[in-house]
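Structure, as structure tokens:
These values consider heavy atoms only, across backbone and side chains, with no hydrogens, waters or symmetry-generated copies. This is a predicted model, so every value here is computed, not measured.
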Amino acid sequence: MHLAGKQLLKSELSSSYDKQHVHIVESIVKTKQGYRCVRCNNDDQQLFASFPCARCGRICTYCRKCITMGRCSECNPLVIWIGPTPSTSFSSPLQWNGQLSPAQQLASDEVCHAIDRNDSLLVWAVCGANNEYIS
């Protein structure tokens with residue numbers, strides 16, 4: 001169920017996905033006002049552009065608002081998961097037996113305080129860093 005909860009462009013998938021649990025829809029639809037992107041719901045006509053498409057051989061319109069997630073164009077439909085929701089139960093969620101460094105503990109405390117205050121906070125950190133040394 002690697003597609004659960006996702007909306008992906010058909011061009012991003014291999015041909016081996018579970019076709020009985022997906023719904024395939026146009027990613028760009030024409031409306032009375034012009035175009036609308038189904039993926040990001042953009043309907044600002046200034047954020048649409050057209051190009052000669054090698055995939056379909058026509059002039060295709062695409063959404064510039066969400067292009068960083070892949071080009072959503074008229075001939076590249078969205079594949080939307082409509083199957084069962086996968087189980088998300090974990091035997092021990094959010095548990096860790098390690099020890100934070102002093103700087104990590106300070107950052108963790110500040111995150112907890114920001115959550116308690118319903119405030120925002122930017123944490124600038126290296127993800128996946130490992131403080132353990134191998135001797």
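- Note that CD1 of I59 is 8.5 Å distant from CZ of F51, once rounded to the nearest 0.5 Å.
- Listed by chain and residue number, nothing satisfies the side-chain hydrogen bond (donor to acceptor under 3.5 Å, both in side chains) test with D44 (two or more places apart in sequence, or in another chain).
- Grouped with V123 in one hydrophobic cluster are V111, I115, L121, the linkage being side-chain heavy-atom contacts under 4.5 Å among Ile, Leu, Val, Met, Phe, Trp and Tyr residues.
- Rounding to the nearest 0.5 Å gives a distance of 3.5 Å between OG of S11 and CG of N76.
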Identify each donor-acceptor pair in which a side-chain atom of residues 65-75 lies under 3.5 Å from a protein atom, sequence neighbours left out, and give them as a table.
| unit_1 | atom_1 | unit_2 | atom_2 | d |
| --- | --- | --- | --- | --- |
| E74 | OE1 | T61 | N | 2.7 |
| E74 | OE1 | T61 | OG1 | 3.4 |

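- Hydrophobic clustering places W81 together with L8 (ILVMFWY residues linked when any side-chain heavy atoms are closer than 4.5 Å, directly or through intermediates).
- A pairwise comparison of heavy atoms in G34 and Q45 identifies CA-OE1, 3.3 Å as the closest pair.
- Atom NZ of K10 sits about 12.0 Å away from atom OG of S27, to the nearest 0.5 Å.
- Grouping the Ile, Leu, Val, Met, Phe, Trp and Tyr side chains by contacts below 4.5 angstrom, directly or via other members, places V22 with L13.
- Put simply, L78 and V29 are part of the same group of oily side chains (I, L, V, M, F, W, Y) that touch within less than 4.5 Å, one to the next.
- Transitive grouping of hydrophobic side chains (ILVMFWY, heavy atoms separated by less than 4.5 Å) keeps L47 and Y62 in distinct clusters.
- For the atom pair CG of D43 and CZ of R36, the computed distance is 8.0 Å after rounding to the nearest 0.5 Å.
- In this structure R39 satisfies the side-chain hydrogen bond (donor to acceptor under 3.5 Å, both in side chains) test with no other residue, sequence neighbours excluded.
- The side-chain hydrogen bond (donor to acceptor under 3.5 Å, both in side chains) search around H113 returns none, not counting sequence neighbours.
- Residues forming a side-chain hydrogen bond (donor to acceptor under 3.5 Å, both in side chains) with E110 (at least two apart in sequence, or on another chain): none.
- Residue V38 is grouped with residue L9 when hydrophobic side chains (ILVMFWY) are merged at heavy-atom distances under 4.5 angstrom, including chains of intermediate members.
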